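Sequence positions, counted from 1, serve as the residue numbers for this chain. Note that the structure is predicted; figures quoted are calculated from it, not measured.
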Amino acid sequence: MQKPDHIGGNVELARQWASYPEIWTPRVSGDGKWLIWAWAGITETANIWIVPTDGNAAPRKLTDGEHHFRVADVNHDGSRLILRQSRDSDEHEQLLILDIVEGAFPNPLTLQQKDHFVFGAKFHPTQDAILFNANCDETGKATPGSWLHGLDLTTGMRRVLTQMTSVNENAPALGVKGSCVLYHRNDDHPRGRQICAVTWDGCNDRTLYDPGPHLKASGNWIGTEGDLLVVAETMTHDRLGLVTHGGTLRWLIDDPARNIEDAFPCAESGQIMVIAFESGQLNPFLLDITTGEEIRFGTAGHSTLPIDQLENGDWIAQTYTARGPDRLVRTDATGHILAELAVCDDSIRPRKFAAAQSVEWASSDGEPIQGWLYQPEEKSRGLVVWVHGGPTAMSQDRVHSAIQYLVASGFTVLDPNYRGSTGFGLRFRNLIRQDGWGGREQNDIRCGIEMLIGRGLAQPGRIGVAGQSYGGYSAWFGITRQRDLVDAVCTICGMNDLFVDYANTTMPHLRDYSVEMLGGTPEDVPQAYARGTLKDDMRRITGQLMIVHGLRDTNVSPENSRLASSDLMQLGIGHHLLTFADEGHGVTKASNRAILLAEMSAFFERAFDEMH
């Protein structure tokens, strides 16, 4: 069925949480005076907002789009923006430019299209050209690999700086002088990634750092002389290093006990900001390149994610915790808040937030697993395990609108960081590759449910699983191969046949991701795809099933859900199918999200009541 005219569940509560403001793509102008971001939830689609970083004015909305906007880049004084926009979240993005001082509407830089993908765009320091990465040629025709493009803003002429044979999702970066471009390649193998550079005129294309076969590196320019900041995989861990423009490499942090995710240079020379995690919790710190001294960034009570440093040493950052709304803030040099710039809540009708409790358990093979437990104030209606997507992603102590809505509707929620999740180091992140999809990461989830049952916090017969993308796959896994434990699932934009998923995604980089995770293509390793495919297990479904999909999904094709629904009907297995013609990989428009939330809670309530 398509989205219904009338919806079940607590409609007003669903609307409240569907409109929870989410911060996308925050950027600070080069002069440090303006913070600009896309704000989803406040309006039907995500629009662009601006606020002065001194906190002397309220945020102001700049756009009113029919489709989501995102910020790609901001020029030096904040007067011009490069925006990204796709139609109905199909991820085939168009680049646009917005002149704020003129109050104009965004004007297109590239054409609307449906056959390629754009990854990042940057103003040239002269501000008369932009740089972007897309798997298309000069005319906009799709290519097998990424090409770096330079677009002259005066003449509209486009030229190609370099070409790749595989699609790379990393945004390119220009040096301070604009003469050299930093970019990444993964042409040799999807598991690898090298840091490369090419001059602005398309010459001297070269590799700056290669971590080795099947290992990944990412880099950032640091300083004005062409030095390179590197975060690179080894066989055991991620390490942080500095490559001088003369080619000398020095490792700043090379410790298997440290979980480093990213690093970028500070405004103050000699310091870098390191984005690290401890036991799945954000723990950023400032690192002195010369002395090695580390200074923790942020304060207790919430996580503080640094965005950019201002010339006077202050920072623009985003704070978050599940106990309250996300905030965009200005902090001092160590992360203590000086001013709130934007708050993700309604001051007239503030929401009531459920706290996240960190819980741990052992998986079937003894591997320690961490997750977040949310409990309702009244007697629980049942347990819903919300499984994050990716799988190369993580769950944190922060507001997740679907989880908050389910808890407010009376459900207990477990949000597990199964093996393969980020935030726990390279070893844990790579564990999912040992079995391929549908392996012991699903045991991690099952053991979390059993732990809660053992503690009296969940009841057999009232066990549900929900999630999007890989979380949707995990929901399919629960209702098919863990049907002795799982009673009902809601799979959102999820796959259940890995052969169908590989064949029907229109994202070449997603096929590469399957190759990376499963060890090859379906032709190379058919047994790996067959082992994770759940199609043959559907005939044994005994629980309740809700299938949700956006029909503009280019990531996990809607064909996954269409074929699954057809197979279920042939088997005589009832299910609830909910599709959205104007959504892609996920349900993100505010009105559609309200429908999804209300329908999902009503589905789980009915399913659990029928079990009893």
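Proximity of the aromatic rings of Trp49 and Phe69 is defined here by a centroid distance below 6.0 angstrom, and this criterion is not met. You'll find the ring centres of His509 and Phe119 inside the 6.0 Å limit. For Tyr374 and Trp386, the ring centers sit 6.0 Å or farther from each other.
Val71 approaches Thr25 most closely through the heavy-atom pair N-OG1, 3.0 Å. The heavy-atom pair separating Phe117 from Pro508 by the smallest distance is CE1-CD, 4.1 Å. Contact record, Pro52 with Asn56: CG-N, 4.4 Å, taken as the closest heavy-atom pair.
Inter-residue side-chain proximity for Leu305 and Pro284 is flagged as unmet; no heavy-atom pair is nearer than 4.5 Å. No side-chain heavy atom of Leu96 sits under 4.5 Å from any side-chain heavy atom of Leu109. Val548 is not listed as a side-chain neighbour of His576, based on a closest heavy-atom distance of 4.5 Å or more. Within the 4.5 Å cutoff, no side-chain heavy atoms of Leu373 are placed close to those of Asp415. Contact annotation: the side chain of Tyr470 approaches that of Met495 to within less than 4.5 Å [non-hydrogen atoms, C-beta and beyond]. By the 4.5 Å heavy-atom criterion applied to side chains, Glu66 and Arg87 are not counted as neighbours. Counting heavy atoms from C-beta outward, Gln375 and Val407 have side chains that stay 4.5 Å or more apart. Inter-residue side-chain proximity for Gln404 and Lys352 is flagged as unmet; no heavy-atom pair is nearer than 4.5 Å.
Side-chain atoms of Asp487 and Gln544 form no donor-acceptor pair, as typed in the model, at a separation below 3.5 Å. With hydrogens and angles left out, the side-chain atoms of Thr480 and Arg539 include no donor and acceptor closer than 3.5 Å. Side-chain atoms of Thr321 and His302 form no donor-acceptor pair, as typed in the model, at a separation below 3.5 Å. Under 3.5 Å, the side chains of Asp582 and Asn592 contain a donor-acceptor pair of N or O atoms. Donor-acceptor pairing under 3.5 Å is lacking for the side chains of Gln396 and Ser303. With 3.5 Å as the limit, one finds a donor-acceptor pair spanning the side chains of Ser421 and His388. Side-chain contact check for Gln370 and Ser358: at least one donor-acceptor pair (N or O, by modelled atom type) lies under 3.5 Å. One side chain, His68 or Thr588, offers a donor N or O that lies under 3.5 Å from an acceptor on the other. Side chains of Asp90 and Thr554: no donor on one and acceptor on the other come within 3.5 Å. If you check the side chains of Tyr418 and Ser474, you find no donor sitting under 3.5 Å from an acceptor.
Checked for salt-bridge contact, Glu610 and Arg606 miss the test: no charged N lies under 4.0 Å from a carboxylate O. Salt bridge status for Arg552 with Glu583: absent, with no side-chain N to carboxylate O gap under 4.0 Å. We find that Asp537 and Arg483 are not joined by a salt bridge, their nearest charged nitrogen and carboxylate oxygen being 4.0 Å or further apart. A salt bridge is defined here as a Lys NZ or Arg NE, NH1 or NH2 lying under 4.0 Å from an Asp or Glu carboxylate O, and Asp326 with Arg398 meets this definition. Comment: Glu93 engages Arg84 in a salt bridge, judged by a side-chain N to carboxylate O separation of less than 4.0 angstrom. Salt bridge present: Glu340 and Arg327 bring a charged side-chain N and a carboxylate O closer than 4.0 Å. Asp345 and Arg351 are joined by a salt bridge, as a carboxylate oxygen and a charged side-chain nitrogen come within less than 4.0 angstrom of each other.
The local environment of NZ in Lys61 is crowded, with over 12 non-hydrogen atoms from other residues, nucleotides or ligands closer than 6.0 Å. Enclosure of atom CZ in Arg540 by more than 12 non-hydrogen atoms of other residues, nucleotides or ligands within 6.0 angstrom is indicated.
Judged as a side-chain hydrogen bond (donor to acceptor under 3.5 Å, both in side chains), and not counting sequence neighbours, Asp346 has no contacts. Applying the salt bridge (Lys or Arg N to Asp or Glu O under 4.0 Å) rule to Arg330 yields the partners Asp314; only residues at least two apart in sequence or on another chain are considered. By the side-chain hydrogen bond (donor to acceptor under 3.5 Å, both in side chains) test, Asn443 is found to be paired with Ser364, residues two or more places apart in sequence or in another chain being considered.
Using modelled atom types, one side-chain atom of Glu441 and one backbone atom of Gly438 make a donor-acceptor pair closer than 3.5 Å. Using modelled atom types, no side-chain atom of Ser401 and backbone atom of Tyr20 make a donor-acceptor pair closer than 3.5 Å. Listed for the Thr533 side chain is a donor-acceptor partner under 3.5 Å among the backbone atoms of Tyr529. A donor-acceptor pair under 3.5 Å is formed between the side chain of Tyr473 and the backbone N or O of Gly532. Judged purely by atom type and a 3.5 angstrom limit, Arg381 uses its side chain to pair as donor or acceptor with the backbone of Ser409. Between the side chain of Asn560 and the backbone N or O of Val556, no donor-acceptor pair lies under 3.5 Å. Under a 3.5 Å cut-off, the side chain of Glu599 and the backbone N or O of Ala602 do not form any donor-acceptor pair.
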Please assess Arg429 against Thr392 for the test side chain to side chain donor-acceptor pair (under 3.5 Å), listing each intermediate value before the final yes or no.
CA-CA 7 Å; Arg429 193 163 75 235; Thr392 313; over 6 Å; no

Can Trp476 and Leu545 be said to form a side chain to side chain contact (heavy atoms under 4.5 Å, CB included), step by step?
CA-CA 9 Å; Trp476 274 113; Leu545 174 61; 3.7 Å; yes

